[in-house]
Amino acid sequence: MSLRDLLQLFLLVVILFLSTKPLGLYLEKVYDGDKTFLSFVLRPVEKFIYRLLKIDPCEDQYWAKYAIDLLIFSAVSLVFTYAVLRLQPFLPLNPAHQGVVTPHLSFNTAMSFVTNTDWQSYGGESTLSYFSQMVGLTFQNFVSASMGMGVAVALIRSLAKKEGQGIGNFWADLIRGTLYVLLPLCVVIAIILISQGVIQNFLPYQEITTLEGAKQTIAQGPVASQSAIQMLGTNGGGFFSSNSAHPYENPTPLSNFIQMLSIFLIPSALVYLLGKKVGNLKHGWAVWSAMLIVFLAGALICSHFEYQGNPIYQKLGCVSSSNLEGKEARFGIFNSALFATVTTDASCGAVNSMHDSYTPFGGLVPLVNIMLGEVIFGGVGSGLYGMLMYVILTVFIAGLMVGRTPEYLGKKIEGREVKYVMFSLIVMALSILGFTAWGSLDAAGVAGVGNPGGHGFSEILYAFTSATGNNGSALAGLSTNTPFWNLTLAFAMFFGRFFMMIPMLALAGSMVKKRVHPGGEGTFPVDGPLFVGLLLGVIILVGALTFFPALSLGPIAEHFDMLQGHSYK
Amino acid sequence: MLKQIYKSSLKSAVATGSLALLVCGVYPAVVTVFGKILFPDQASGGRLERDGKLVGAKLIGQVFTRPEYFHGRPSLAGSGYDATSSSGSNLGPTNQKFHDSLKSNLESVLKENPDLKWGEVPNDLVTASGSGLDPHVSPRGAWVQVGRVSKARGINSDQLKSLIDAHTTGPQWGIFGEPTVNILVLNLELDRAYPLHAQARSSGEGLQSSVSAAGVRCGSETSFCSIKQK
């Protein structure tokens with residue numbers, strides 16, 4: 001690791017830190033329905049949509065009503081995207097004449113984008129038309145992200161409210177998040193990306209004759225507009241098959257930096273919003289620092305092992321053992337490893353290098369990041385409510401240790417709340433481990449594996465971890481465009497999304513009703529280093545206890561194989 | 001209950017329609033228009049022309065196998081630098097196929113560049129990139145090819161070295177990313193500054209080179225070529 005590597009990491013953290021407060025304050029205004037500097041353009045649009053929907057944005061919904069609206073909206077948009085994919089040849093903007101998408105692939109893809117996962121069982125440039133990308137997928141990128149933010153904000157409201165029943169209005173949250181937060185940020189980021197060389201056009205694929213006289217066809221498309229929301233909405237679904245490794249999707253180190261920053265931007269600001277809303281900014285920053293610590297640890301570990309690389313390189317005659325397989329020359333080791341860490345800390349899943357070719361421990365970091373629930377800044381919204389699960393668990397455990405009823409921000413944590421949290425944690429573990437066991441035993445599952453040995457098991461484990469965690473990155477040697485993989489992964493994505501969101505809304509519904517008690521002598525403080533330490537302990541303990549056995553069969557076993565110089569056929 | 005579900009579905013449909021119009025219609029249109037006005041070259045793909053003919057895109061690498069050109073990295077996109085199916089090898093570190101491909105890539109790099117010593121081969125020249133379309137190599141990756149190119153073109157190697165220096169970019173703003181050389185741009189410049197005989201560019205030879213390209217990139221391991229991202 002060079003000094004310049006660390007400087008880039010430092011810059012990323014500093015800019016993220018500086019953006020957190022202003023964007024957090026802006027989010028507060030947006031979700032309170034206050035006037036912002038964009039209101040003069042967007043307010044009329046917002047009001048017009050409310051009128052179309054015949055809703056009152058001020059109606060404070062009971063949690064169950066919020067949840068039902070969310071589920072039905074998700075179902076309707078699932079059908080919408082499925083239909084767009086199935087009808088692809090009959091729809092416009094299809095210069096490359098892409099055909100019908102198979103039912104299982106359409107189902108997988110629709111579910112994947114509805115759940116903010118963006119798992120890609122397809123190759124973008126070889127399967128989808130511009131229309132499918134823009135209308136079928138980009139649409140979901142916006143609304144699934146906006147829904148995630150809405151749920152996080154609803155949970156924050158329930159903690160901040162002194163009394164009441166309602167947790168906010170689903171429709172207002174959905175529309176405000178899309179209009180005021182995602183759209184303007186996306187326009188700005190997309191234009192910056194174009195300046196770096198990300199393409200944005202509707203040209204047919206370009207035929208050229210290369211310098212050596214061969215023919216080359218170059219895929220085109222409206223890439224920048226999709227790439228911006230792919231990062232800002234922590235969706236991760238790229239325009240091209242190789243995602244952000246593609247030079248048209250991520251052409252320069254600067255575009256790479258901007259993309260990493262945009263992944264963390266909103267999740268980080270939401271943490272500030274938490275502190276601001278509950279009237280305890282220190283608590284917000286405490287949670288933020290816990291996230292930062294895990295992020296830095298992951299980035300340093302991952303890049304260390306990629307630099308150390310694979311002994312085979314030098315054994316065969318290379319100048320160093322650094323692992324450049326699957327990485328782009330302009331990013332090198334560090335910016336590839338950093339991107340891999342960022343994209344899995346958040347539930348983004350965009351990749352600028354092929355995780356399948358990482359060293360075992362380099363690849364372990366992204367895998368563990370997802371297993372921890374993507375709570376290190378995390379997905380837009382889902383990161384924060386995931387982290388709040390751990391916070392509640394921490395407060396609960398701390399309360400048990402001193403023998404008092406645990407309180408969080410003055411509200412009592414009781415059996416019901418802990419059950420909601422445990423339900424989500426257990427469903428997640430069951431989905432990852434259960435499906436992985438199934439995929440490893442079923443011939444239809446094993447058929448997709450692209451690498452032999454322990455690495456093959458890692459591919460299966462990574463796939464279901466990524467799907468359940470709604471991440472979407474992959475060890476892409478695994479061929480998943482088969483009925484078995486498309487369907488199992490779709491269900492893993494469904495469980496990971498809605499069996500987490502709905503309990504969190506229920507939690508919000510239960511917290512909102514609780515009276516706030518002023519903190520006393522024995523109240524566990526949630527704003528100091530002790531809290532940060534305990535929180536980190538809980539996160540790592542839960543993650544390690546659940547997943548260590550599976551990890552030891554995959555990456556850990558493979559690590560020792562690699563050092564010994566073993567290989568598998 | 002049913003009534004609420006019905007009402008909510010109706011709202012969902014309307015919300016889907018109106019938001020889709022905004023984020024799939026207005027938003028990409030705004031970005032496209034701004035892109036076209038502010039950065040027309042970049043937005044349309046950084047096209048490179050020579051004698052009025054399209055010869056490539058600045059960011060998309062090409063297959064180079066002839067000795068008089070600098071060569072890029074091995075590519076697993078299609079049969080090599082296929083810009084309609086970007087892909088890496090996705091081979092894991094303990095996969096025998098990965099070891100084999102490394103070995104065959106190393107052997108061909110050493111054979112093509114007799115000056116290059118065993119144990120000094122730059123890693124980027126023998127590893128496939130993530131996209132399979134990487135237009136760059138490291139500056140070292142270009143320097144080690146100077147001997148071969150200067151011999152094939154009959155020019156002084158110092159001239160070539162200064163040409164490489166002139167085409168080395170990065171770290172961007174002195175901070176971001178790695179220093180790189182764009183092989184396609186370098187080769188174009190090479191053709192312009194030190195042109196070869198005209199017939200070397202004839203189409204007949206070109207066809208041959210595209211066939212041999214696939215062979216060289218994948219070594220003798222035909223099975224290696226079939227392992228690809230979906």
Side-chain angles (χ1 to χ4, degrees), chain A residues 49 52-53 69 72-73 76-77 80 125-126 134-135 139 142 190-191 194-195 197 199-201 208 210 212-214 217-219 222 225 240-242 245-247 251 253-254 257 310 316-319 324-326 328-330 332 353-354 356 359 451 453 455 476-477 479 481 561-562 567 569, chain B residues 8-9 11-14 16 18 20 23-24 28 31-32 34-35 39 42-45 54 56-57 59-60 62 83-88 90 92-96 99 102-103 106 118-124 127 129-131 133-134 136-137 172 176-178 180 187 203 206 209-210 229-230:
Chain A
I49 299 179
L52 278 181
L53 291 176
D69 279 344
I72 290 176
F73 180 75
V76 167
S77 60
F80 171 73
E125 63 270 50
S126 55
M134 281 171 57
V135 179
F139 169 71
F142 276 94
I191 292 170
I194 296 176
S195 80
I199 58 173
Q200 175 75 20
N201 61 52
I208 60 131
T210 67
E212 293 202 347
T217 307
I218 304 180
S225 54
F240 297 111
S241 172
S242 61
H246 197 293
L254 188 63
F257 186 83
N310 189 339
L316 291 176
C318 283
V319 69
L324 272 175
E325 181 72 21
E328 300 283 300
R330 61 194 179 281
S353 53
M354 296 302 127
D356 216 355
T359 61
N451 280 288
H455 198 86
S479 310
N481 192 8
D561 269 339
M562 183 187 80
S567 63
K569 278 200 175 138
Chain B
S8 177
S9 313
K11 281 179 197 163
S12 300
V14 178
T16 301
S18 51
V23 305
C24 312
V31 173
T32 310
F34 271 108
F39 310 104
Q42 289 96 318
S44 58
L54 210 55
L59 290 164
I60 305 295
Q62 298 181 355
T84 58
S85 65
S86 57
S87 175
N90 284 312
T94 54
N95 191 338
Q96 183 60 42
H99 295 190
L102 257 187
K103 207 168 160 197
L106 261 151
W118 189 93
E120 289 180 3
V121 180
N123 292 32
D124 54 318
T127 48
S129 64
S131 62
L133 302 173
D134 198 343
H136 298 111
V137 296
Q172 204 171 5
F176 297 111
E178 307 296 323
T180 49
N187 283 336
S203 56
S209 83
S210 76
Q229 207 176 6
K230 319 98 345 207

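Chain letters run A, B, ... following the sequence lines, proteins first and then strands; every chain starts at 1.
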Review point. Side chain, backbone, both or neither: which part of Ser9(B) has an atom under 4.5 Å from a heavy atom of chain A?
Key: both
Exercise for review: Below 4.5 Å from any heavy atom of chain A, which atoms of Leu106(B) appear? Answer side chain, backbone, both or neither.
Suggested key: side chain
Examine whether an atom of [X] lies under 4.5 Å from a heavy atom of chain B, and if so say whether it belongs to the side chain, the backbone or both; otherwise answer neither.
X: His455(A); answer: side chain
X: Ser195(A); answer: both
X: Leu53(A); answer: both
X: Asp561(A); answer: both

I need the minimum non-hydrogen distance between [X] and [Y], along with the two atoms involved.
X: Pro93(B); Y: Asn310(A); answer: O-ND2, 3.1 Å
X: Asn201(A); Y: Ala43(B); answer: ND2-O, 2.9 Å
X: Asn451(A); Y: Gly92(B); answer: OD1-N, 2.8 Å
X: Ser44(B); Y: Ile199(A); answer: C-CG2, 4.4 Å
X: Pro28(B); Y: Gln200(A); answer: O-NE2, 3.6 Å

Point to revise | Pair Ser131(B), Ser242(A): side-chain N/O donor-acceptor within cut-off below 3.5 Å | key: no
Practice item. Give the member of Gly197(A), Pro251(A), Pro253(A) that has the highest number of heavy-atom pairs under 4.5 Å with chain B. Key: Pro253(A)
Check your understanding: With chain B, which of Cys318(A), Ser77(A), Ala219(A) has the greatest number of heavy-atom pairs at distances under 4.5 Å?
Key -> Cys318(A)
Exercise for review: Let me see the working for His246(A) and Ile60(B) under side-chain contact (heavy atoms from CB on, under 4.5 Å), right down to the final yes or no.
Suggested key: CA-CA 9 Å; His246(A) 197 293; Ile60(B) 305 295; 3.8 Å; yes
Atom pair [atom1] ([X]) and [atom2] ([Y]), whose distance is rounded to the nearest 0.5 Å:
X: Leu59(B); Y: Arg330(A); atom1: CG; atom2: CZ; value: 7.5 Å
X: His99(B); Y: Leu316(A); atom1: NE2; atom2: CG; value: 8.0 Å
X: Ser18(B); Y: Ile49(A); atom1: OG; atom2: CD1; value: 4.5 Å

Study note, to complete from the structure: Ranked by heavy-atom pairs below 4.5 Å to chain A, first place among Gly35(B), Ala13(B), Ala20(B) goes to Ala20(B)
Check your understanding: If you count heavy-atom pairs under 4.5 Å between each of Thr84(B), Thr94(B), Val121(B) and chain A, which one has the most?
Key -> Thr94(B)
Practice item. Could you please spell out the steps behind the side-chain hydrogen bond (donor to acceptor under 3.5 Å, both in side chains) verdict for Thr127(B) and Glu325(A)? Key: CA-CA 5 Å; Thr127(B) 48; Glu325(A) 181 72 21; 4.8 Å; no
Point to revise | Asn123(B) side chain vs Leu324(A) backbone, donor-acceptor pair below 3.5 Å | key: no
Practice item. Verify, without hydrogens or angle tests, whether Gln172(B) (side chain) and Leu254(A) (backbone) share a donor-acceptor contact under 3.5 angstrom. Key: yes
Exercise for review: With sequence neighbours excluded, tell me which residues meet side-chain contact (heavy atoms from CB on, under 4.5 Å) with Gln42(B).
Suggested key: Ile194(A), Phe39(B)
Exercise for review: Would you please name every residue forming a side-chain contact (heavy atoms from CB on, under 4.5 Å) with Ala329(A), sequence neighbours left out?
Suggested key: Arg73(B), Asp134(B), His136(B), Thr180(B)
